[in-house]
Protein chains: 2
Amino acid sequence: MREKGDMDDEPTENLPAVSHPLASHIGFLLRRVQLAVFSDFQTRTATFEITPSEYAILQVLHASPRMQQNRLAEIIGVKPANCVVLINGLEKRHLLIRRAYSKKLPQGRALALSLTMEGKEFLKKMNVRVLEHQKFLVDLLGVRAHEELRDHLTSLLDQADRGLLG
Amino acid sequence: MREKGDMDDEPTENLPAVSHPLASHIGFLLRRVQLAVFSDFQTRTATFEITPSEYAILQVLHASPRMQQNRLAEIIGVKPANCVVLINGLEKRHLLIRRAYSKKLPQGRALALSLTMEGKEFLKKMNVRVLEHQKFLVDLLGVRAHEELRDHLTSLLDQADRGLLG
DNA sequence: TATTGTTATACTCTATAACTATA
DNA sequence: TATAGTTATAGAGTATAACAATA
């Protein structure tokens, strides 16, 4: 039965976003949540004037020094061409160095990337804020849910890297 | 103890991406997974020539006809100014219509957005592919993990909307 | 006059192709 | 000559401010 107010040009009542059909779309949720999480990251690390992608570079090079650019680009999910610009900026700030390999494995024009001492100290200071950011997410979700979220995202990412997705 | 091969200019061995410190960064995982999931969505719906954001608009308007643009923009997480362009394109394709409210609630220049019959049929056909996309994700993760992922993302999104994040 | 929608614009991110440099 | 890196450029997505239209 229709109520008296149910007229054709009446606007839809305001509803919380969660009640919409998009609420069950993983892709939609991923996009919204990613923007929010990045925003929190950026806010907490604003004084370091660094983007999430640049942070990813420093973090990967800290764990795996003397890495090639192409391999680094693959890991952080950025095209080699775009990675160049990021690395240029970090090199100008003396946070990392490019060195030619003198021998061994790589072919062609391969360069080895490593953090400078300055870069390591920078990363150490920045990680204080990044850990606060991560702790904030854990506190919001709870330890268990945070682990589940991380594991499920990792599972999807692994399968995407194996070509089962995308 | 250091092995004989442990020289200073030797490159780091190749490792699966998952072994990197970024593997526990929710923000990093969200970005990578979102790109992969969107890519699968785009591939499966390529023939409809529609972006995820445009799909979100159609889906929301189907569930909530006569919605205002500002409210729609808020729900799909796009600035009103950018939403205009998306709506223009969908209107030119006759998938939705803009109508002025003749009376009642809204103030100012408010317009009511609704799907056309063509828009509803378009969405119905497209949803066949979108459901395949969603089923693919469920199959990859398993029903239980998919639900957990959705719930955790929703939880984070709700708290972000309440200003606790970002 | 407050609210809603629109335009214009700029900035970032991402994608592609063509080009350079090195083992 | 195959591999790695670089340049240039184009296209999305996003953000902001100024402006126009309507109750």
Side-chain angles (χ1 to χ4, degrees), chain A residues 9 11 14 27-28 30-32 34-36 38-39 41-43 49-57 66-74 76-92 96-113 166, chain B residues 9 11 14 27-28 30-32 34-36 38-39 41-43 49-57 66-74 76-92 96-113 166:
Chain A
D9 59 353
N14 281 2
F28 174 77
L30 284 169
R31 171 172 160 271
R32 299 296 307 272
Q34 191 238 310
L35 288 176
F38 267 44
S39 175
F41 180 95
Q42 297 265 36
T43 302
E49 295 181 28
I50 207 166
T51 67
S53 290
E54 289 170 330
Y55 172 76
I57 289 175
R66 279 158 275 133
M67 182 173 279
Q68 302 181 196
Q69 288 191 199
N70 276 353
R71 174 79 181 130
L72 173 65
E74 186 188 16
I76 67 172
V78 169
K79 299 283 178 215
N82 299 323
C83 206
V84 168
V85 185
L86 298 175
I87 291 169
N88 283 347
L90 295 171
E91 192 177 37
K92 274 178 197 142
L96 60 77
I97 51 168
R98 277 187 252 234
R99 287 187 306 125
Y101 282 108
S102 60
K103 50 193 166 187
K104 289 256 193 171
L105 294 172
Q107 299 283 12
R109 196 183 180 178
L111 298 174
L113 301 174
Chain B
D9 60 353
N14 280 0
F28 174 77
L30 284 169
R31 172 172 159 273
R32 299 295 307 271
Q34 192 237 308
L35 288 176
F38 266 45
S39 175
F41 180 94
Q42 297 264 36
T43 301
E49 294 182 29
I50 205 167
T51 66
S53 290
E54 288 170 331
Y55 172 75
I57 289 174
R66 280 157 277 132
M67 183 173 279
Q68 300 180 204
Q69 288 191 198
N70 277 353
R71 174 79 181 128
L72 173 66
E74 186 189 16
I76 67 171
V78 170
K79 300 283 178 211
N82 299 323
C83 207
V84 169
V85 185
L86 298 175
I87 291 169
N88 284 346
L90 295 172
E91 192 177 36
K92 273 176 198 143
L96 60 77
I97 51 167
R98 279 187 251 234
R99 287 187 305 124
Y101 283 108
S102 60
K103 49 193 166 187
K104 288 257 195 168
L105 295 171
Q107 299 283 14
R109 197 182 179 176
L111 297 173
L113 301 174

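These numbers come from a predicted model, not from an experiment. Just so we're on the same page: letters track the sequence lines, and every chain starts at 1.
Contact annotation: B/N70 reaches the phosphate of C/dG5 (side-chain N/O to OP1 or OP2, under 4.0 Å). Dashed line: the shortest gap from a side-chain N or O of B/R98 to OP1 or OP2 of D/dA21 is not under 4.0 Å. In this model, the phosphate group of C/dT14 is approached by a side-chain N or O of B/R31 to a distance below 4.0 Å at OP1 or OP2.
At least one side-chain heavy atom of B/P52 sits under 4.5 Å from a side-chain heavy atom of B/Q42. With a 4.5 Å cut-off on side-chain heavy atoms, B/Q68 and B/L113 do not count as touching.
Here the C1' atom of nucleotide D/dA20 and the CD atom of B/Q69 are 14 Å apart, to the nearest Å. Per the geometry, CZ belonging to A/F38 stands 14 Å off C1' belonging to D/dT14, to the nearest Å.
Between A/I87 and A/L35, the one whose closest nucleotide on DNA chain D sits nearer the 5' end is A/I87.
For A/K79, the listed nucleotide lying nearest its side chain is C/dA15; candidates were C/dT6, D/dG5, C/dA15.
Between its opening and closing five pairs, the helix from C/dT1-D/dA23 to C/dA23-D/dT1 changes axis direction by 0°, a value rounded to 10 degrees.
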- Message: Treating primed atoms plus P, OP1 and OP2 as sugar-phosphate and everything else as base, which nucleotides of nucleotides 7-12 of chain C get B, S or - for protein heavy atoms under 4.0 Å?
- Response: B-----

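The base of C/dT20 sits within donor-acceptor range of the side chain of A/R109, with an N or O pair under 3.5 Å.
Once rounded to the nearest 0.5 Å, the distance linking CD of A/E91 with CG of A/L96 reads 6.0 Å. If you take CG on B/L72 and CD1 on B/I57, they are separated by 5.0 Å, rounding to the nearest 0.5 Å. Put simply, CD on A/Q34 and OG on A/S39 are 11.0 Å apart, with the number rounded to the nearest 0.5 Å.
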